[in-house]
Amino acid sequence: MISRSLARAFLVSVALAASFVLAGCDTDQASLATNAKANQPVPPKLLAAMVEKNMDLQSPILVRLFKQEAELEVWKQTRNGQFALLKTYPICRWSGDLGPKVREGDRQAPEGFYSINPGQMNPQSAYYLSFNTGYPNAFDKALGRSGSQLMVHGDCSSRGCYAMTDEQIAEIYSLGRESFFGGQKAFQLQAYPFKMTPVNMAKHRNNPNMPFWKMIKEGYDHFEVTRQEPKVDFCEKKYVFDAAKPPDAKRDPVFDASAKCPAYVIPEEIASAVREKDARDQAEYNKLVSRGTPVARMNTGIDGGMNKIFAAKIPEGSTGLSEGAEGTTLQMLAMAKAPGTIPGHVNPPKPNLDAAAPSPQEEPVVAVSAPAASARVATAAPPEKSGFFSNLGRKMGVGNADATATTPPPQATASVAPAATTTTTPPTAASRLKAAVTRFVPGRDTSKDAAKDAPKPAVAAAKPAEPAKPDTRLAATRPTLKPSVSDGAGEATQIMGAAPVVQSNSFDSRFGAVK
């Protein structure tokens, strides 16, 4: 019994020692260490999609990221040797702005071409699972750019990274793991500000990052026309794609990101296809610019982006720079199923309030100063507690009339015609009632009545019982009351074709426009 326990303890110690040794090495075994999270199987739906698209489980993959669209694409090599799109994942959160990462701490998610080998896979990540993008690459270093530990990870929280949900990163991690098991030495990560279409290039034509974006668009075009992973090199502080040795050269060219470019050629079948695509894109771009395609607003200092499907699940959700499909709103996506669990600490991107913000006085002006609107909205206010029967009692002489109703300003009677209203001073209840009655009695000339009553507002207020009989008729025909301004309703809430009649039983309506 004792010997068995000693043997077990010895085996455990050996295993722990081996794990520490592996942890200090950048090997495939260390990066793809055995744990439950890192060894989740590829989901059955993805396996079925691979069969349908003529792919093998362990064939190579390629990943593309788009900030503005907040999407991550996983491409996989088919049996004919070309890559095909396997699945598109909505990005839960990315930080910073459109444009490359420049320095440590700028919260920018990187843009460019990076290579992910097994040593960059992190099964012990604090963010469920992750892999390192490899930033900075040789091009970034040649420009003096700094930063470290820029990841694609779970937890939907980003400070310069591309963050997915835990469920999403588990799938992506499993696809990368299987490609390594199949013999792929490294998979390519292409990170873009947006899909490099003529429309997007036209929208962002004034962005200072455009020279860099045009350079990486060459790699985007190489992949688009060949559906092959482009070979990436660097020289003279620029990207070079699919470079090969010249026909008369005896060895492959050697590239240095900071040095002069060596002699190289691009295979003609690739070069010609890229030229044709670029010519089509440029022609479309020129048309868009000549038509006056609006230039995208500069968003310096924004807080990144989030795919619309995640923003729809978060209170006060915002997609940042993300642009949804035509006709798709966050409200329409509110009932859609999110691809993974969103942690409670996740916040949507903060909108850029400094640029193109509406005037802070717009709302008060609409609510208070528009004469016609205030008169019409006031007619839609709900009745006060005194109600119809209290008004009827006052008409019959029972109870006291409201002090405001008995001492109106002279111009209050003009409120029967909304267009003539020039002040927010409320009209009298009697004059409003009389105006409403005359509006519904055939043959009455309301303009004459208004002119006759104008110099004698107190007399009009002193005879509230006279129009009692027509009031019954009016109550039966007037439309249902609408919310007041304080309830968020405006002039648009009035039924089309309805007359702007003031309710005889409502004193709240008289003050509704100035609350």
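T293 has its side chain out of reach of V199: every pair of non-hydrogen atoms, C-beta onward, lies at least 4.5 Å apart. A 4.5 Å side-chain heavy-atom check between N347 and I314 finds every atom pair outside the cut-off. Between M306 and V346 the shortest side-chain heavy-atom distance falls below 4.5 Å. Side-chain contact between P193 and I216 is present, with at least one heavy-atom pair separated by less than 4.5 Å. A heavy-atom distance below 4.5 Å is found between the side chains of H345 and S157. Residues D140 and Y114 are in side-chain contact: their nearest non-hydrogen atoms beyond the backbone lie under 4.5 Å apart. For the pair T165/F310, a side-chain contact is recorded, criterion being any heavy-atom separation below 4.5 Å from C-beta on. K87 places none of its side-chain heavy atoms less than 4.5 Å from the side chain of K76.
Evaluation of the salt bridge (Lys or Arg N to Asp or Glu O under 4.0 Å) rule for E73 yields R64, K195 as partners, not counting sequence neighbours. For A109, the side chain to side chain contact (heavy atoms under 4.5 Å, CB included) criterion is met by K67, Y162, not counting sequence neighbours. Residues meeting the salt bridge (Lys or Arg N to Asp or Glu O under 4.0 Å) test with D278, sequence neighbours left out: none. Residues forming a salt bridge (Lys or Arg N to Asp or Glu O under 4.0 Å) with K217 (at least two apart in sequence, or on another chain): D221, D281. Under the side chain to side chain donor-acceptor pair (under 3.5 Å) criterion, T341 pairs with E167, sequence neighbours left out. In this structure, the side chain to side chain contact (heavy atoms under 4.5 Å, CB included) partners of D256, at least two apart in sequence or on a different chain, are S258, A259. With sequence neighbours excluded, the residues satisfying side chain to side chain contact (heavy atoms under 4.5 Å, CB included) with K53 are M55.
At a cut-off of 3.5 Å, with distance as the only test, a side-chain donor of Q184 or S179 sits close to an acceptor on the other residue.
Looking at Q188, its side chain does come within 3.5 Å of a backbone N or O of P230 through a donor-acceptor pair. Counting only distance, with no hydrogens or angles, the side chain of R93 and the backbone of D155 share no donor-acceptor pair below 3.5 Å. Side-chain atoms of S95 come within 3.5 Å of backbone N or O of G160 as a donor-acceptor pair. S174 contributes no side-chain N or O that, together with a main-chain N or O of Q40, makes up a donor-acceptor pair within less than 3.5 Å. Put simply, the side chain of Q108 gets close to the backbone of D97: a donor and an acceptor are under 3.5 Å apart. With hydrogens and angles ignored, the 3.5 Å screen pairs no side-chain donor or acceptor of R145 with any backbone N or O of P136. N200 places no side-chain N or O within donor-acceptor distance of the main-chain N or O of M196, the cut-off being under 3.5 Å. Counting only distance, with no hydrogens or angles, the side chain of K203 and the backbone of R205 share no donor-acceptor pair below 3.5 Å. Within the 3.5 Å criterion, the main-chain N or O of N117 finds a donor-acceptor partner in the side chain of Q120. Proximity of a side-chain donor or acceptor of E111 to a complementary backbone N or O of G99 within less than 3.5 Å is detected.
Between I116 and T133 the shortest heavy-atom distance is CD1-O, 3.3 Å. Of all heavy-atom pairs spanning M50 and D56, the tightest one is SD-O, 4.2 Å. Contact between F234 and A138 at its shortest, heavy atoms only, is CD1-CB, 3.6 Å. In this structure, A49 and L86 approach most closely via the heavy-atom pair CB-CD1, 4.0 Å. Smallest separation of non-hydrogen atoms from A186 and F180: CA-CE2, 3.9 Å. Shortest non-hydrogen contact noted between Y135 and K101 is OH-O, 3.1 Å.
One finds a salt bridge joining R107 and D303 here, because a Lys/Arg side-chain nitrogen approaches an Asp/Glu carboxylate oxygen to under 4.0 Å.
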Worked check of ring pair (Phe, Tyr, Trp, His ring centres under 6.0 Å) between F223 and F113:
CA-CA 12 Å; F223 180 73; F113 287 71; 9.4 Å; no
Kindly indicate, with the supporting measurements, whether the criterion side chain to side chain contact (heavy atoms under 4.5 Å, CB included) is fulfilled by V63 and W75.
CA-CA 6 Å; V63 173; W75 293 70; over 6 Å; no
Step by step, work out the side chain to side chain contact (heavy atoms under 4.5 Å, CB included) result for F131 and I172.
CA-CA 10 Å; F131 61 84; I172 299 166; 4.0 Å; yes
Does the pair L321 and W94 meet the rule for a side chain to side chain contact (heavy atoms under 4.5 Å, CB included), with working shown?
CA-CA 10 Å; L321 291 177; W94 59 270; 3.9 Å; yes
Take Q168 and E171, measure what side chain to side chain contact (heavy atoms under 4.5 Å, CB included) needs, and give me the verdict at the end.
CA-CA 5 Å; Q168 288 177 312; E171 277 192 24; 5.9 Å; no
F255 and Y264: ring pair (Phe, Tyr, Trp, His ring centres under 6.0 Å), yes or no, with the steps?
CA-CA 10 Å; F255 288 87; Y264 70 90; 5.7 Å; yes
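A distance of 6.5 Å separates NZ of K37 from OH of Y128, quoted to the nearest 0.5 Å. Between Q124 atom CD and L129 atom CG the span is 9.0 Å, to the nearest 0.5 Å. With rounding to the nearest 0.5 angstrom, the OH atom of Y192 is 15.0 Å from the CG atom of L98. The line from CD1 of I342 to CG of D166 is 11.5 Å long, rounded to the nearest 0.5 Å. Here the CG atom belonging to L72 is positioned 11.0 Å from the CG atom belonging to N307, to the nearest 0.5 angstrom. For the atom pair OG of S130 and CG of L150, the computed distance is 11.5 Å after rounding to the nearest 0.5 Å.
A parallel orientation is assigned to the rings of Y127 and H153, their planes being inclined by less than 30° (bins at 30° and 60°). Ring geometry for F66 against Y220 counts as perpendicular: the plane angle is over 60°, on a 0 to 90° scale with 30° as the lower cut.
Evaluation of the disulfide (SG to SG under 2.5 Å) test over residues 179-230, restricted to residues two or more places apart or in two chains, returns none. Under the side-chain hydrogen bond (donor to acceptor under 3.5 Å, both in side chains) criterion, the residue pairs touching residues 225-242 are N137-Y239, H222-D242, K231-D233, with sequence neighbours excluded. Pairs of residues two or more places apart, or lying in two chains, that qualify as disulfide (SG to SG under 2.5 Å) and include a residue from residues 115-196 are C92-C156.
The number of heavy atoms from other shown groups lying within 6.0 Å of CZ (R103) does not exceed 12.
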Report all side-chain donor-acceptor pairs from residues 265-275 shorter than 3.5 Å, counting only partners two or more places apart or in another chain.
from	atom 1	to	atom 2	distance (Å)
E268	OE2	R275	NH2	2.8
S272	OG	E268	O	2.9
S272	OG	E269	O	3.3

Distance-only donor-acceptor hits, side chain of residues 245-254, under 3.5 Å, sequence neighbours excluded:
none

